[in-house]
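Structure first, commentary second.
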Amino acid sequence: MKLKFAFLNIFLGCISLSITNTNFISNAKGEELLKVELHKEIKKGKFLIGLKQYLGGENDSFSEKKNINFTTNKGFLNLISSNGIKHKSKQINITWADIPVKNPKTIERIVFGPFASYESAKKQSEKLRDQGFETTVAYPKNWEVWIPFQDDLPEFELKNKIFRKIKNFQITPVLRNDYSGIKLEGPIYIYSEEKIKINGINFGKNFYLIKDLYGTWTLVQKIEFDDYLAGVLPYEIGPNSPLEALKAQAVIARTWGIFNSNRFNMDKYHLCISTQCQVYKPSEISYKNVQKAIDETSNLILTHENQPINAFYHGSNGGVSATAGESWQIQDYSYFNSIIDGSKSLNKIFKLPITNESYLNNFLDFDKEQFYGSNHSLFRWNKKISNLEIKEKLIKNKLISINEDVLDLNSIERGSSGRVTKLEIQTDKSNKSIVLVKDDIRRVLNFIPSNLFTINKLNDDLWLLRGGGFGHGVGLSQSGAIEMAKLGFSYEEILNHYYRNAKLKKFEILSQWKLSN
């Protein structure tokens, strides 16, 4: 084993002339390009997007056989590494090696979670910080809050565990050719004047490889706001949506991205590309109306008190929107209100709050054509759920043992929109019940499309959930925006409908603004 490691270190220390014939960039310029300054990039109208996470680790699904290949069709690629390596060629091949650590160390921390959302994790982080703890919001697989391990820590009410691991190896990127390899250090900057393909997928021009909190690496793209939106709108609201709906989506996607640009600051990038952020995919197709919507709203964002708002949005609100405090364990924002999402006449028929199941059933039974966004496939839904299905979800989330059975299901608290904010699940264990709160309801019982539902017991083993909507229900309903645009509403009117008390402003004129965390 020692001989193997010695050989590996010698191999990685080799530097072939074919790899290092690339001192084309001055040291000063190289140092400038390697700077990863999150706040400054946002100020310059650029996002750093985490395209692929956990590279080199067990969860790496992108690097086939621990390999990343960068290519261009015509131009040259440039690479700069923090340990002084500079390289220029038509193709760059990087592999991952597990290098032994000379002095292994033990990593220890207290982990709280998992949390259903970043918002709930951040709220818990703030509570612990107020108690004097140093906190980190992290996303190894789910949202978690970390604090350093100490022997004399108090008892915590919130579920937590001790994480302990001995670090024997370090995942190291290696610049490879057919004959040798060179160890690289992060951040690593790879760029070209031409578009770059990464493992055969066309992504763009400017990339970093950055080490994360978990010992693995992230492929990060530096991209202009509007180029980012061109990869968001087709996958969030759809390229064939009416122009005014696309404009509304462009404004809120830009606003949401700016407000939440500290979401992954622990790993030195702004946003991910999944539903934990906004869905983003680079596309070779240029959609005319998508580009027109972006161009005609360029740099426009929604603000409140001269600050970017937290511009939540979702697929369908089921005819009634939620406040932020109904959906997550966070404070309410004044620009989000529960509203009946339809015509003025509909607002005369139904009044908020929706306080009980009988009233909500009447709401769900009403003619859906009267609401905005009723064409969404989950505007109304029915789910038949067995006790066994509920039990399996509870076991998976380590909330009950395999020997317990589900007896009863009750909504014990609702928000002003009628959404369930506390769900009680009783088991056959004496005096025991599980209470799921707000976003944890859909995290644990992930077969539920939204928290807007009533509970009907069909028999001792079967439940019927009758509900409406898809998603958290806060802010703009994409299906509602599409229908409003078809009815002739402008994007300004759509935004004003869903974000009360928010104002449109050009991003560059905000001289003073704060990041969200």
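All values derive from a computational prediction rather than experimental measurement.
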- Is atom CD of Gln131 surrounded by more than 12 heavy atoms (other residues, nucleotides or ligands) closer than 6.0 Å? yes
- Do we see a donor-acceptor contact under 3.5 Å between the side chains of Gln278 and Tyr228? yes
- Item | Distance-minimising heavy-atom pair for Phe350 and Ile340 | O-CG1, 3.9 Å
- Query: Do the side-chain N and O atoms of Thr454 and Asn361 include a donor-acceptor pair separated by under 3.5 angstrom?
  - Reply: yes
- Message: I want to know whether Phe264 and Trp143 have ring centres closer than 6.0 Å.
- Response: yes
- Check the angle between the aromatic planes of Phe371 and Phe366 and answer parallel, tilted or perpendicular using the 30° and 60° thresholds. perpendicular
- Query: Counting only heavy atoms not in Lys391, do more than 12 fall under 6.0 Å of its NZ?
  - Reply: yes
- Query: Is there a donor-acceptor contact under 3.5 Å linking the side chains of Ser321 and Asp341?
  - Reply: no
- Task: Take the angle between the ring planes of Phe47 and Phe225 and call it parallel below 30°, perpendicular above 60°, tilted in between.
- Result: tilted
- Under 4.0 Å between a Lys/Arg side-chain N and an Asp/Glu carboxylate O for Lys165 and Glu108? no
- Considering all heavy atoms of both residues, which atom of Gln291 and which atom of Ala230 are nearest to each other, and what is their separation? OE1-CB, 4.3 Å
- Task: Name the orientation class of the two ring planes belonging to Tyr333 and Phe312 (parallel below 30°, tilted from 30 to 60°, perpendicular beyond 60°).
- Result: tilted
- Query: Do the charged groups of Lys247 and Glu492 touch, with an N to O distance under 4.0 Å?
  - Reply: no
- With a cut-off of 6.0 Å (strictly less than), are more than 12 heavy atoms of other residues, nucleotides or ligands near NZ of Lys384? no
- Would you mind telling me which of Tyr372, Tyr498, Phe470 makes a side-chain contact (heavy atoms from CB on, under 4.5 Å) with Asn317? Tyr498
- Message: Taking the basic N atoms (NZ, or NE/NH1/NH2) and the acidic carboxylate oxygens, is any pair closer than 4.0 Å for Lys127 and Asp130?
- Response: no
- Query: Are Val320 and Leu352 side-chain neighbours, meaning at least one heavy-atom pair lies under 4.5 Å?
  - Reply: yes
- Message: Are there over 12 heavy-atom neighbours, none belonging to Lys422, within less than 6.0 Å of that residue's NZ?
- Response: no
- For Lys432, does the NZ atom sit with more than 12 other heavy atoms under 6.0 Å from it, leaving out its own atoms? yes
- Message: For the residue pair Asp60 / Trp217, report whether a side-chain donor-acceptor contact shorter than 3.5 Å exists.
- Response: no
- Thinking salt bridges, do Asp226 and Arg254 make one under a 4.0 Å N-O criterion? yes
- Between Ser450 and His472, a side-chain donor and acceptor under 3.5 Å: no
- Item | Cation-pi check, Arg500 onto Tyr335 ring (under 6.0 Å, within 45° of axis) | no
- Query: Between Ser417 and Glu326, is any side-chain donor less than 3.5 angstrom from a side-chain acceptor?
  - Reply: yes
- Task: For the residue pair Asp405 and Thr427, confirm or rule out a side-chain donor-acceptor distance under 3.5 Å.
- Result: no
- Item | Ser334 side chain to Asn501 side chain, donor-acceptor N/O pair below 3.5 angstrom | no
- Judged by modelled atom types alone, do Gln478 and Gln249 share a side-chain donor-acceptor pair under 3.5 Å? yes
- Task: Could you verify whether a donor N or O on one side chain and an acceptor N or O on the other, from Asn306 and Lys505, lie under 3.5 Å apart?
- Result: yes
- Task: Go through the side-chain N and O atoms of Asn397 and Arg443 and say whether any donor and acceptor fall under 3.5 Å apart.
- Result: yes
- Message: Cation-pi check for Phe149 against Arg164: NZ or CZ below 6.0 Å from the six-membered ring centre and within 45 degrees of the axis, yes or no?
- Response: yes
- Just checking, Arg263 and Tyr139: is the charged tip under 6.0 Å from the six-membered ring centre and within 45° of the axis? no
- To the nearest 0.5 Å, what is the distance between CD1 (Ile107) and CZ (Phe163)? 6.0 Å
- Message: If you count heavy atoms of other groups shown closer than 6.0 angstrom to CG of Asp460, is the number above 12?
- Response: no
- Task: State whether the number of non-hydrogen atoms from other residues, nucleotides or ligands found under 6.0 Å of Lys429 atom NZ is greater than 12.
- Result: no
- Message: Tell me whether the count of non-hydrogen atoms from other residues, nucleotides or ligands lying under 6.0 Å of NZ in Lys46 goes above 12.
- Response: yes
- Task: Indicate the ring-plane relationship of Trp381 and Phe453, choosing parallel, tilted or perpendicular according to the 30° and 60° boundaries.
- Result: tilted
- Message: Using ring centroids (six-membered ring only for Trp), state whether Phe133 and Phe156 fall under 6.0 Å.
- Response: yes
